[in-house]
A.B. asks: 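Quick one: the structure is below, questions incoming.
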Amino acid sequence: MNVQTATLERDITPTGSDYEIVRQAIEMISLDYREQPSLETLAEAVGETPSSLQKLFTRWAGLTPKGFLQAVTLNHARRLLDEGAPLLDAAFELGMSGPGRLHDLFVTHEAMSPGDYKSRGRGLTIRYGYHLSPFGIALVMATDRGLCGLAFCDAGEEREAFEDMARRWPNAAYVEDVAATLPYASRIFDPSRWQADQPLRVVLIGSDFQIRVWEALLRIPINRARTYSALAAEIGNPSASRAVGAAVGANPVSFVVPCHRALGKSGALTGYHWGLTRKRAMLGWEAGHFQPQAT
DNA sequence: GATCGCACTGAGT
DNA sequence: ACTCAGTGCGATC
């Protein structure tokens, strides 16, 4: 099947189509963050007027470009890591009537048996579909037990993303089925639907070690982060930070298993399978959508 | 069990 | 911020 012409389900969120512009702005912000590019500079570079960029960006991020810029600085990243100062979270959670913490409360997961893992997907039917998301095109994959894969790409890279995923379970049968994946996509990218009533079912397909790392990731609350070494300590292998990095990088259900919340000890983003810009976008987007009040 | 490669870290610049 | 080397560890054959 020609993945390039595969169905792309649009409009699962009102901000999905903003991402292309936002991505360019974020790339510029990251590259020139020392320069603190002005709104005018950014707007010109992405071919928008300052006011339309401001509006579009804020709709997407819940933050102005300036606010976003502050949210993705090293200092802010360090704050996400700070174990001792969850004051922001406490205040937020107490007053929380709206969106809750997605990952530790509202995702249920199961791990496939080691045998299933070793068979590299044999006997498994995986349904997949492409959906426009706040972070570009999302490739959603699911078995009948639940969500098993979530990948991201920009327009034109659909095939690469698919092959990247399919390599993990080469013996599975793949069926494009946008109707089957749409409910996952619309649920995942709409924070107003991050609620406990119907937890998102996730199937983790990986080695023992990887599963332990991914479960540790699921325990990181939104708007917090962990270092690779802290994650290593948490799973009982304090010196295995590098191996943890490798396992985090192999996470097949990105975003839902929040691998974007793993940072280097300095607060640096260090790496992301689907591109550092996307990791930055996710962290900024979460900051904008889940601060008690955006500043 | 050998070999490979890594989304680490810390020190030095 | 960037490079560099020392690393431990899991994955793979």
Side-chain angles (χ1 to χ4, degrees), chain A residues 23 26-37 69-70 72-83 103 111-122 135-136 139 149-154 157 160-161 164-171 204-220 224-286:
Chain A
R23 194 200 83 213
I26 294 175
E27 257 161 22
M28 225 182 137
I29 287 173
S30 328
L31 266 145
D32 304 337
Y33 74 100
R34 268 163 297 200
E35 321 263 314
Q36 303 256 334
L69 176 65
Q70 286 163 358
V72 297
T73 57
L74 257 189
N75 266 344
H76 183 266
R78 289 207 186 93
R79 248 189 299 143
L80 295 180
L81 288 171
D82 193 347
E83 312 277 345
H103 302 295
M112 297 209 77
S113 73
D116 285 339
Y117 166 62
K118 287 211 186 83
S119 72
R120 321 232 74 192
R122 190 179 315 284
F135 312 110
L139 169 56
L150 180 53
F152 293 94
C153 65
D154 296 321
E157 300 166 349
E160 287 94 318
D164 186 308
M165 295 303 288
R167 255 197 307 276
R168 299 153 191 253
W169 317 296
N171 300 320
L204 267 21
I205 311 176
S207 70
D208 260 11
F209 182 83
Q210 289 171 334
I211 303 274
R212 275 189 291 145
V213 172
W214 300 339
E215 286 172 341
L217 288 174
L218 281 166
R219 280 181 233 117
I220 309 176
R224 303 299 307 279
R226 295 277 183 276
T227 64
Y228 295 97
S229 47
L231 290 166
E234 193 177 327
I235 63 169
N237 270 18
S239 57
S241 53
R242 286 195 87 150
V244 164
V248 171
N251 167 29
V253 198
S254 69
F255 188 66
V256 170
V257 174
C259 51
H260 55 288
R261 297 186 200 144
L263 306 178
K265 204 156 226 170
S266 68
L269 266 53
T270 66
Y272 196 70
H273 190 82
W274 308 107
L276 237 39
T277 296
R278 205 165 254 114
K279 186 171 185 174
R280 201 166 274 120
M282 286 174 180
L283 290 166
W285 185 88
E286 290 186 337

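Hydrogens, waters and symmetry mates are skipped; everything else that's a heavy atom, side chains included, is used. Every chain is numbered from 1 and lettered A, B, ... according to where its sequence line falls, protein lines coming before strand lines.
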A.B. asks: Is there a salt bridge (Lys or Arg N to Asp or Glu O under 4.0 Å) between A:E27 and A:R280? Walk through the geometry before answering.
C.D. replies: CA-CA 9 Å; A:E27 257 161 22; A:R280 201 166 274 120; over 6 Å; no

A.B. asks: Is there a donor-acceptor pair under 3.5 Å between the side chain of A:R261 and the backbone N or O of A:I220?
C.D. replies: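 Indeed, once roles are kept as given, a pair shorter than 3.5 Å links the two residues.
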
A.B. asks: Give a yes or no on whether A:N171 atom CG has more than 12 heavy-atom contacts from other residues, nucleotides or ligands under 6.0 Å away.
C.D. replies: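 Correct, the count exceeds 12.
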
A.B. asks: Do A:Y228 and A:T270 have side-chain atoms, one donor and one acceptor, less than 3.5 Å apart?
C.D. replies: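 Indeed, the side chains of A:Y228 and A:T270 share at least one donor-acceptor pair under 3.5 Å.
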
A.B. asks: Please pick, from B:dC8, B:dA7, C:dC9, the nucleotide with the shortest atom-to-atom distance to any side-chain atom of A:R242.
C.D. replies: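 Nearest to the side chain of A:R242 among the choices is B:dC8.
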
A.B. asks: Under a 4.0 Å N-O cut-off, is there an ion pair linking A:E234 with A:R212?
C.D. replies: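 The answer is no: the pair does not qualify as a salt bridge.
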
A.B. asks: Using the 3.5 Å cut-off, write out each protein N or O paired with an N or O of nucleotides 9-13 of chain B and the distance between them.
C.D. replies:
from	atom 1	to	atom 2	distance (Å)
B:dT9	OP1	A:S229	N	2.9
B:dT9	OP1	A:S229	OG	2.8
B:dT9	OP2	A:K265	N	3.1

A.B. asks: Stems involving DNA chain B: give each as a range paired with a range, ordered by first number, where a stem means at least three consecutive Watson-Crick or G-U wobble pairs under 3.5 Å.
C.D. replies: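 Expected stems, ordered by start: B:1-6 with C:8-13, B:8-13 with C:1-6.
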
A.B. asks: Check whether any side-chain N or O of A:N251 sits under 4.0 Å from OP1 or OP2 of B:dA7, and answer yes or no.
C.D. replies: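 No, A:N251 has no side-chain N/O under 4.0 Å of OP1/OP2 on B:dA7.
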
A.B. asks: Looking only at the side chains, is there a donor atom on one of A:H273 and A:N251 sitting less than 3.5 Å from an acceptor on the other?
C.D. replies: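 Absent: no donor and acceptor within the cut-off.
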
A.B. asks: With no hydrogens and no angle check, is any side-chain donor or acceptor of A:Q210 less than 3.5 Å from a backbone partner on A:S207?
C.D. replies: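 Flag set: sc A:Q210 to bb A:S207 pair under 3.5 Å.
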
A.B. asks: Output yes when a side-chain donor or acceptor of A:K265 lies under 3.5 Å from a complementary backbone atom of A:S229, and no otherwise.
C.D. replies: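 Absent.
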
A.B. asks: I'd like a list of close polar pairs between nucleotides 11-13 of chain C and the protein, N/O only, cut-off under 3.5 Å.
C.D. replies:
from	atom 1	to	atom 2	distance (Å)
C:dA11	OP1	A:S207	OG	2.4

